[in-house]
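In what follows, residues are counted from 1 in the order of the sequence shown.
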Amino acid sequence: MKIEISDSISYIGVDDLDIDLFEGQYVVPEGMSYNSYLIRDEKIAIMDTVDRRKAEEWHRRLIETLDGRQPDYLVVHHMEPDHASLVAQVADEFPSLQIVLSAQAAKMLPQFFEETVFEARTLIVKEGDTLSLGKHTLHFIAAPMVHWPEVLMSYEESEKVLFAADGFGKFGALANETDDWACEARRYYFNICGKYGVQVQNVLKKAATLDIRTICPLHGPVLSGDLTPYLSLYNTWSLYEPESDGILVAYASIHGGTAEVAEKLAELLREKGAKKVVVSDLARDDMAEVIEDAFRYPRMVVCASSYDGGVFPPMHDFLFHLQIKNYQKRRVAIVENGSWAPSAGRVMHQMLEEMKQIDIVSPTVTIRSRMKKADLPALSQLADEILK
């Protein structure tokens with residue numbers, strides 16, 4: 001796929017259509033893009049490499065775009081292997097090239113590349129530093145913990161391009177790109193960067209002082225035109241504010257009884273006026289998508305079977321994921337199921353209490369093995385409480 005950002009800035013990234021799990025855990029049925037760029041001026045800068053899975057294809061694109069010239073710099077915005085796997089290969093191929101990166105990233109180089117000597121090859125930059133390529137000048141922006149501590153972004157002032165590292169990235173190969181950027185960008189954000197809302201806010205404040213016309217992320221499409229929708233969503237997400245009205249009903253059921261309760265509660269919520277109710281089976285549905293919905297909507301119900309004196313593991317896993325991704329500012333109701341000693345509600349309540357600004361709806365509804373007619377009033381009352 002040939003993409004020209006401008007006469008001087010070319011896209012040299014590659015699609016990975018064969019990958020099954022990104023970062024060893026996220027299902028990517030539409031593949032993944034590893035983005036890399038080349039700025040051609042009096043001096044030439046390679047803006048990041050790609051995952052070693054696509055090394056050969058990327059190298060061909062690099063050589064073709066260089067068109068016989070030698071690169072002067074390799075700018076490393078992020079040391080994660082899906083972007084920096086080929087740093088040593090580039091350094092070996094172009095002996096005069098300097099590697100431009102943060103001090104923290106420089107410390108990481110020998111952790112990934114034991115056999116390559118980088119001394120005297122690195123140019124350490126920090127917040128506020130600039131690098132002139134001729135007509136193009138890069139301004140470096142510190143972006144620690146978005147989502148690693150060494151991350152830099154850079155702003156090219158003449159063409160007003162922000163090279164945003166993992167910011168504004170999304171799942172999916174560019175060959176499979178659709179108009180609905182937000183769908184897979186949202187799943188990507190909350191699962192990759194979700195923990196670091198404060199740090200994302202810090203970068204957004206810096207970006208607000210710049211005249212940005214184009215955003216070049218390390219995953220997903222190059223963003224141009226009216227950037228307001230992307231910036232607005234990132235602001236909402238990083239403030240942990242709900243994006244749209246709706247209720248997530250997430251359940252973990254062993255023999256189907258808890259699933260029936262979850263579906264009945266969803267039905268009651270719709271009857272009482274809820275416009276959007278999403279029901280998710282934590283044992284079968286993509287965990288990353290359920291995490292996405294938990295952050296997307298202001299209200300959630302967790303329904304789980306008791307298990308070994310605790311809670312059925314798929315629910316424990318889900319709530320643990322929410323904890324480490326900094327879930328907060330939400331209203332949550334609890335439904336437990338137990339045949340002899342219900343325990344799921346206690347565990348879910350404890351895990352939710354550890355999160356910030358979670359309004360736990362009272363009371364917890366307890367089901368004994370299977371939902372019965374006598375349980376319906378309690379479920380109806382719970383639906384009313386959720387909708388308050």
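Between K135 and E42, none of the side-chain N atoms (NZ, or NE/NH1/NH2) sits under 4.0 Å from a carboxylate O, so this pair counts as no salt bridge. At a threshold of 4.0 Å, the pair R346-E336 does not count as salt-bridged, since none of the basic side-chain nitrogens sits closer than that to a carboxylate oxygen. The existence of a salt bridge linking R61 and E64 is excluded, since no basic side-chain nitrogen approaches an acidic carboxylate oxygen closer than 4.0 Å. Classification of E243 and R186 as a salt-bridged pair holds, one side-chain N sitting under 4.0 Å from a carboxylate O. A salt bridge is absent between R330 and D359: the closest approach of a Lys/Arg side-chain nitrogen to an acidic carboxylate oxygen does not fall below 4.0 angstrom.
Following chains of ILVMFWY side-chain contacts shorter than 4.5 Å, one can reach V146 starting from F168, so the two form part of one hydrophobic cluster. Following chains of ILVMFWY side-chain contacts shorter than 4.5 Å, one can reach Y240 starting from V332, so the two form part of one hydrophobic cluster. One hydrophobic cluster, built from ILVMFWY side chains closer than 4.5 Å, cannot hold both F163 and Y155; they sit in different ones. V87 and L38 fall within a single hydrophobic cluster, where Ile, Leu, Val, Met, Phe, Trp and Tyr are joined by side-chain heavy atoms under 4.5 Å apart, directly or via other members. Residue V335 is grouped with residue V277 when hydrophobic side chains (ILVMFWY) are merged at heavy-atom distances under 4.5 angstrom, including chains of intermediate members.
Rounded to the nearest 0.5 Å, atoms NZ (K325) and NZ (K195) are 8.5 Å apart. In this structure, NE2 in H321 is found 6.0 Å from CE in M287, a value given to the nearest 0.5 Å. Atom CG of L282 is separated from atom OG1 of T258 by 11.0 Å, given to the nearest 0.5 angstrom.
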Q: Show the numbers, then the answer: is there a side-chain contact (heavy atoms from CB on, under 4.5 Å) between Y11 and E4?
A: CA-CA 6 Å; Y11 175 87; E4 295 294 336; over 6 Å; no

Q) Passes side-chain contact (heavy atoms from CB on, under 4.5 Å), L204 versus N235? Steps please. A) CA-CA 7 Å; L204 287 175; N235 188 56; 4.3 Å; yes

Q: Would you please test K54 and E57 for salt bridge (Lys or Arg N to Asp or Glu O under 4.0 Å) and show each step?
A: CA-CA 6 Å; K54 306 299 289 185; E57 182 179 346; 3.4 Å; yes

Q: In sequence, state the C-alpha distance, the side-chain angles, and the governing distance for E127 and K206, and then conclude on salt bridge (Lys or Arg N to Asp or Glu O under 4.0 Å).
A: CA-CA 11 Å; E127 173 88 26; K206 296 175 187 180; 2.9 Å; yes

**Q.** Q104 vs V151, side-chain contact (heavy atoms from CB on, under 4.5 Å): CA-CA, chis, key distance, verdict
**A.** CA-CA 8 Å; Q104 185 81 25; V151 174; over 6 Å; no

Q | Audit row: K388, E385, salt bridge (Lys or Arg N to Asp or Glu O under 4.0 Å) steps and yes/no | A | CA-CA 5 Å; K388 280 185 179 179; E385 292 296 322; 3.0 Å; yes

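Of all non-hydrogen atoms in Y73 and V100, the two that sit nearest each other are CD2-CG2, 3.7 Å. Residue L239 comes nearest to K329 through the heavy atom pair O-NZ, 2.8 Å, listed as atom of the first residue, atom of the second, then distance. When every heavy atom of F318 is checked against every heavy atom of A294, the shortest pair comes out as CZ-CB, 4.2 Å. The minimum heavy-atom distance linking G345 with T364 is given by the pair CA-CG2, 4.5 Å. In this structure, N326 and G194 approach most closely via the heavy-atom pair CB-O, 4.2 Å. In terms of heavy-atom proximity, M315 sits nearest to A250 at CE-O, 3.5 Å.
Of the possible polar contacts, one joining the D16 side chain to the I19 backbone as a donor-acceptor pair under 3.5 Å is found. Judged purely by atom type and a 3.5 angstrom limit, S102 uses its side chain to pair as donor or acceptor with the backbone of E150. No donor-acceptor distance shorter than 3.5 angstrom exists from the side chain of R187 to the backbone of A182, with no hydrogens or angles considered. When atom types are taken as modelled, the side chain of S306 and the backbone of N337 share a donor-acceptor pair closer than 3.5 angstrom. A donor-acceptor pair under 3.5 Å is formed between the side chain of D285 and the backbone N or O of D281. Counting only distance, with no hydrogens or angles, the side chain of D226 and the backbone of T228 share a donor-acceptor pair below 3.5 Å. Proximity of a side-chain donor or acceptor of Q323 to a complementary backbone N or O of M351 within less than 3.5 Å is detected. Formation of a donor-acceptor pair under 3.5 Å by the D308 side chain with backbone atoms of G310 is not found in this model.
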Only pairs under 3.5 Å count here: list side-chain donor-acceptor contacts from residues 211-225, not counting sequence neighbours, and write none if there are none.
residue : atom : partner : partner atom : Å
D211    : OD1  : R213    : NE           : 3.0
D211    : OD2  : R213    : NE           : 3.4
D211    : OD2  : R213    : NH2          : 2.9
H219    : ND1  : S33     : O            : 2.6
H219    : NE2  : D82     : OD2          : 2.9
H219    : NE2  : H83     : NE2          : 3.2

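Listed by chain and number, the residues in a side chain to side chain contact (heavy atoms under 4.5 Å, CB included) with F94 are L62, I63, L66, Q70, P71, V90, L97 (sequence neighbours excluded).
The shortest distance between side-chain heavy atoms of H316 and M348 does not fall below 4.5 Å. Considering only heavy atoms from C-beta on, Y327 comes within 4.5 Å of M300 through its side chain. Side-chain contact check for Y251 versus S280: every heavy-atom pair is 4.5 Å or farther apart. Two residues are said to be in side-chain contact when any heavy atoms from C-beta on lie closer than 4.5 Å; Y34 and W58 fail this criterion. The side-chain heavy atoms of D375 and T366, taken from C-beta on, include no pair separated by under 4.5 Å. Counting only heavy atoms from C-beta outward, the side chains of I334 and I360 approach each other to under 4.5 Å.
A donor-acceptor contact under 3.5 angstrom links the side chains of H59 and E93, judged on distance only. No donor-acceptor contact under 3.5 angstrom links the side chains of S154 and H139, judged on distance only. In the model, Q25 has no side-chain atom that pairs as donor or acceptor with a side-chain atom of N191 under 3.5 Å. Residues T178 and D180 bring no donor and acceptor atom of their side chains to less than 3.5 Å of each other. In this model, a donor atom of one side chain and an acceptor atom of the other lie less than 3.5 Å apart for S158 and E156. Using modelled atom types, one finds no donor on one side chain facing an acceptor on the other under 3.5 Å when comparing H136 with E157.
Screening I46, D48, L74, T49 against L86 for a side chain to side chain contact (heavy atoms under 4.5 Å, CB included) leaves a single residue, T49. Among R296, R299, K275, K276, the one residue that satisfies the salt bridge (charged side-chain N to carboxylate O under 4.0 Å, His left out) test with D245 is R299.
Ring planes of F171 and Y188: perpendicular class, angle over 60° (limits at 30 and 60°). Y234 and W237 have tilted rings, their planes meeting at an angle from 30° to 60° on a 0 to 90° scale.
Checked against the 6.0 Å centroid threshold, Y230 and W181 count as a close aromatic pair.
For NZ of K272, the number of neighbouring non-hydrogen atoms (other residues, nucleotides, ligands) closer than 6.0 Å is greater than 12.
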